[in-house]
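Throughout, residue positions are numbered sequentially from 1 according to the sequence presented.
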Amino acid sequence: MMLLYFLLSGITGFIGYKVSSLTKGGAIAATIVGTLIAYGFEWKGLLLLGVFFLSSTVWSKYKARKKEAIEDIVEKGSARDQYQVMANGGAAAFAGIMMAFFPSNWWLGFFLAALAASNSDTWASELGVLSKRSPFHIKTRQFVPAGTSGAVSLLGVTASFLGALLIGSIGVFVFEGSITLLLFVTLGGFIGCQFDTLIGASFQEEFRCRVCGINTERHEHCQIATLRTKGFSGLNNDVVNFISSIIGGFSGGFLFI
């Protein structure tokens, strides 16, 4: 059965690569993440991962031309590499391993909430940038360009809640859980996403272009190295996403227990 799960994960990763949603490294990482999740949660876990991947792909392609405006700000494009895949799915994959060796409802709550946090953050990022109003930075308390880490909009917050709710709803259905589980998974995922915003605003590294003066996540802009103006070195968006996924998982797991 695990061979089948490995093949299904590999096929999904290959399709993601072919539709430019994943890089080659991202496709390999997605295969590994899918297999580890299925190791602990079987086809049900793989289905939840598929829901996350499909919804993320759909929203990343939605109004893609309008999102081109933020390419100078964000570090990476729409095709997710291995680091982004592990940042979003690594905590869920770890839960799959732990569930296989130490079966417990705690790990189920952790898995669902961690994936809900990743889905919540992805929806917030992909849809929040389409808001007609500029987002509000929670630390500087100023309106900033779309795509700036640590900024929120009403559309983005709404999308983040719905993203967590989707994973919670399908998770409760396939795992035959209760309304209480739905509540805690959704809340845990939403909490994880809000911590993503908080960490992004306070500690994530940010740079300024020496030529055009734009604030960006990129280490290079206008073909020269940028100057770090905020945050800790190495604490990029991928690391923040991974941390928020773990926080979401622990929140959902502890609330459920």
Pairwise distance CD(Q84) to CG(L22) - rounded to 0.5 angstrom:
9.5 Å
Using 30° and 60° as the class boundaries, would you call the ring planes of F207 and H219 parallel, tilted or perpendicular?
tilted
Where the side chain of D238 meets the backbone of N241, is there a donor-acceptor pair that is under 3.5 Å apart?
no
Find out whether Q82 and T23 are in side-chain contact, i.e. whether some heavy atom of one side chain is under 4.5 Å from a heavy atom of the other.
yes
Distance-only donor-acceptor pairs under 3.5 Å for side chains of residues 141-164, two or more places apart:
residue	atom	partner	partner atom	Å
T148	OG1	P145	O	2.7
S149	OG	Q204	OE1	3.4
S149	OG	Q204	NE2	3.2
S149	OG	E217	OE2	2.8
S153	OG	G156	N	3.0
T158	OG1	L154	O	2.8
S160	OG	V157	O	2.6

For the pair F190 and L165, evaluate side chain to side chain contact (heavy atoms under 4.5 Å, CB included) and give the outcome as yes or no after the intermediate values.
CA-CA 9 Å; F190 186 71; L165 179 62; over 6 Å; no
Does one side chain, of W123 or S55, offer a donor that lies under 3.5 Å from an acceptor on the other?
yes
Answer yes or no: is there a donor N or O on one side and an acceptor on the other, between the side chain of S245 and the main chain of F242, under 3.5 Å?
no
Separation between CG of L112 and CG of L181, rounded to the nearest 0.5 Å
6.0 Å
If hydrophobic clusters are built from ILVMFWY residues whose side chains come within less than 4.5 Å, do L7 and M1 share one?
no
Step by step, would you call F250 with W106 a side chain to side chain contact (heavy atoms under 4.5 Å, CB included)?
CA-CA 9 Å; F250 273 109; W106 196 92; 3.5 Å; yes
Would you indicate whether the side-chain heavy atoms of F6 and S9 approach each other to under 4.5 Å?
no
Taking the side chain from R210 and the backbone from G213, do they hold a donor-acceptor pair closer than 3.5 Å?
no
Short question: side chain of S21, backbone of Y17 - any donor-acceptor pair under 3.5 Å?
no
d(N88 CG, R80 CZ) to nearest 0.5 Å is 6.5 Å
When every non-hydrogen atom of K230 is compared with those of G200, the smallest separation belongs to NZ-O, 3.1 Å
Tell me, with the steps shown, if F111 and L48 meet side chain to side chain contact (heavy atoms under 4.5 Å, CB included).
CA-CA 10 Å; F111 163 69; L48 264 294; 4.2 Å; yes
Would you say M86 and V239 are hydrophobically clustered, going by side-chain heavy atoms of ILVMFWY under 4.5 Å?
yes
Contact between K24 and I28 at the side-chain level, heavy atoms closer than 4.5 Å - yes or no?
no
Residue pair Y83 / N236, side-chain heavy-atom distance below 4.5 Å
no
Nearest atoms (heavy-atom pairs only) where M99 meets L108
SD-N, 4.4 Å
Determine whether the aromatic ring centres of F94 and W107 lie less than 6.0 Å apart.
yes
Report yes if the side chains of I246 and I243 come closer than 4.5 Å at any heavy-atom pair, otherwise no.
no
Closest approach of K139 to S202 (non-hydrogen atoms, all atoms of both residues)
NZ-O, 4.1 Å
How many angstroms lie between atom CZ of F110 and atom CZ of F254, to the nearest 0.5 angstrom?
9.5 Å
Check for me, please, whether F52 and F173 land in the same ILVMFWY cluster - side-chain distances under 4.5 Å, paths through other members count.
yes
Are L4 and L47 grouped together when hydrophobic residues (ILVMFWY) are joined by side-chain heavy atoms under 4.5 angstrom apart?
yes
What is the distance from atom CD1 of I11 to atom OG1 of T31, rounded to the nearest 0.5 Å?
9.5 Å
Closest non-hydrogen atom pair between L49 and L115, with its separation
N-CD2, 3.9 Å
Would one find more than 12 heavy atoms of other residues, nucleotides or ligands at under 6.0 Å from atom CE of M2?
yes
Check whether E205 reaches the backbone of G234 with its side chain - one donor and one acceptor, N or O, closer than 3.5 Å.
yes
Co-membership, hydrophobic cluster, residues V129 and I138, 4.5 Å side-chain
yes
Would you check, one step at a time, whether the test side chain to side chain contact (heavy atoms under 4.5 Å, CB included) holds for Y5 with E42?
CA-CA 8 Å; Y5 292 147; E42 300 182 330; 3.6 Å; yes
Residue I179 excluded, over 12 heavy atoms near CD1 under 6.0 Å
no
I214 side chain reached by H221 side chain, heavy atoms, under 4.5 Å
yes
Find out whether K61 and S20 are in side-chain contact, i.e. whether some heavy atom of one side chain is under 4.5 Å from a heavy atom of the other.
yes
Separation of L182 CG from I170 CD1 (nearest 0.5 Å):
11.0 Å
